[in-house]
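The structure appears right after this line, and notes come after that.
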Amino acid sequence: MSTTPAAAPLLIACALGIERLALRGGARGGAAGGAAGPVTVLRTGMGPLAADRAVDRALADPALRDAAVLATGFCAGLAPGMHPGDLVVAEETRDARGRTPCVGTDLLVKELVRAVPGRTVHTGPLTGSDHVVRGHERSELLTIGAIAVDMESAATLHSALRAGARPVAAVRVVVDAPEHELVRIGTVRGGISAFRVLRAVLPAFFEWHRSLLLPRR
C-alpha cells in the first residue's frame with residue numbers, strides 16, 4: 001500500500017508585527033483553507049542581519065528543512081508613478097552578496113491580479129538596503145535597474161538558499177513611493193491601502209506554493 005508524501009511546507013517571512021498581523025488576518029479570513037501544505041508566518045525583525053538570523057534558525061527546524069520560502073511585507077517603490085498599495089513581484093533580489101533569482105514570478109503576477117483586482121503589479125529587481133532609502137538614493141538605485149527596495153527580502157532569500165536548494169520568491173506591497181514618502185517605513189499612516197492589500201495576497205502565495213508541488217515533466 002502506497003502513501004502520499006507530505007507536502008513540502010511554506011515559510012512566509014516578514015519583518016514587522018504589522019505585516020504579520022495583516023497576513024494572519026488574511027488567514028483568519030479564510031485564505032488558509034487554500035494552503036497546499038503546512039504554512040509558517042515568520043516575523044524576522046527589521047534589517048538584513050535580523051532576517052538572516054531568523055531564517056537560519058527557522059530552517060534549522062527539521063519540520064521546515066525543505067520549506068519553500070517567500071519574503072513579503074512592505075517596501076519603498078523607486079519608480080515615478082508608483083503608489084501605496086501597488087505590488088512588486090521580484091524577478092530577482094540583490095544585495096552586496098549578489099543576485100538571487102526568484103521562482104514562479106509569472107504565476108505570482110497572474111494570481112496577484114486575481115487576488116487584488118485593480119491593483120498595479122510591477123515586476124523587476126528588488127534591491128536590499130540596511131537603512132531606509134530616501135531622496136537621491138532612490139534615484140541612484142533606479143538608475144541601476146531596481147524598481148523597489150526593502151531591508152529584508154534579499155537577506156531572507158540568500159539565507160534560505162544557503163540552507164539548501166529550494167524555491168524562493170519575494171512579493172512586496174508599496175507603502176512608500178517617490179511622491180508618497182512616509183516619515184518612517186514602519187509607519188502605516190498613509191499606507192492603510194498597503195495593509196489591506198497585504199492582507200489579501202495569501203491566496204496568490206498558496207497558489208504559487210501549490211504549483212511547486214506539481215510533477216515536473
Side-chain angles (χ1 to χ4, degrees), residues 10-16 19 22-23 41-42 44 46-48 50-52 54-55 67-79 81-116 119-130 132-133 137-138 140-163 165-178 185 194 197-198 200-209 211-212:
L10 171 63
L11 178 66
I12 301 174
C14 61
L16 303 175
E19 295 166 338
L23 293 164
V41 177
L42 171 71
T44 64
M46 288 185 67
D52 193 70
V55 173
V69 174
L70 192 149
T72 194
F74 302 136
C75 72
L78 300 174
M82 282 184 161
H83 297 90
D86 285 1
L87 286 146
V88 172
V89 176
E91 294 175 340
E92 65 179 20
T93 58
R94 301 175 176 177
D95 65 8
R97 295 176 289 191
R99 305 183 179 197
T100 302
C102 296
V103 173
T105 55
D106 289 344
L107 176 69
L108 275 169
V109 170
K110 174 185 173 184
E111 293 300 331
L112 287 167
V113 168
R114 179 180 300 173
V116 280
R119 294 290 178 180
T120 301
V121 181
H122 307 267
T123 59
L126 174 62
T127 194
S129 175
D130 61 1
V132 176
V133 172
E137 287 186 276
R138 289 183 189 270
E140 291 173 358
L141 292 172
L142 182 62
T143 61
I144 60 173
I147 64 167
V149 57
D150 76 274
M151 292 192 286
E152 297 84 25
S153 291
T156 293
L157 301 198
H158 185 273
S159 298
L161 292 180
R162 185 175 61 215
R166 71 191 70 246
V168 295
V171 175
R172 290 276 171 171
V173 182
V174 174
V175 73
D176 186 47
I185 193 65
V197 170
L198 186 59
V201 295
L202 279 174
F205 296 172
F206 295 156
E207 285 302 318
W208 173 79
H209 183 223
S211 76
L212 304 175

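Worth saying up front: this structure is predicted, and the values here are computed from it rather than measured.
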Heavy-atom closest pair, residues [X] and [Y]:
X	Y	result
F206	I12	CE2-CD1, 4.5 Å
C75	V88	SG-CG2, 4.1 Å
A170	T93	CB-CG2, 4.1 Å
T44	A13	CG2-CB, 4.1 Å
V149	L78	CG1-CD2, 3.8 Å
R97	A155	NH2-CA, 3.4 Å

Residue set satisfying salt bridge (charged side-chain N to carboxylate O under 4.0 Å, His left out) with R162, at least two apart, ordered chain then number -> D52, D56
Residue set satisfying salt bridge (charged side-chain N to carboxylate O under 4.0 Å, His left out) with R94, at least two apart, ordered chain then number -> E92
Is any side-chain heavy atom of P48 less than 4.5 Å from a side-chain heavy atom of D95?
-> no
From the list V109, V171, T120, side chain to side chain contact (heavy atoms under 4.5 Å, CB included) with L87 holds only for V171
Practice prompt. Give the intermediate values and the outcome of side-chain contact (heavy atoms from CB on, under 4.5 Å) for residues T105 and T123.
Written response: CA-CA 8 Å; T105 55; T123 59; 5.8 Å; no
(request) For the pair E19 (side chain) and F74 (backbone), establish whether a donor and an acceptor sit closer than 3.5 Å, ignoring hydrogens and angles. (result) yes
Expected output: side-chain E152 to main-chain G47 donor-acceptor under 3.5 Å: yes
Return the [atom1] to [atom2] distance between [X] and [Y], rounded to the nearest 0.5 Å.
X	Y	atom1	atom2	value
D86	H122	CG	NE2	3.5 Å
L202	W208	CG	CH2	13.0 Å
T127	R99	OG1	CZ	9.0 Å
L212	E207	CG	CD	11.0 Å
L126	I147	CG	CD1	7.5 Å
L161	T156	CG	OG1	11.0 Å

| request: Decide yes or no on side-chain contact (heavy atoms from CB on, under 4.5 Å) for M46 and L16, but give the supporting numbers first. | output: CA-CA 7 Å; M46 288 185 67; L16 303 175; 3.2 Å; yes
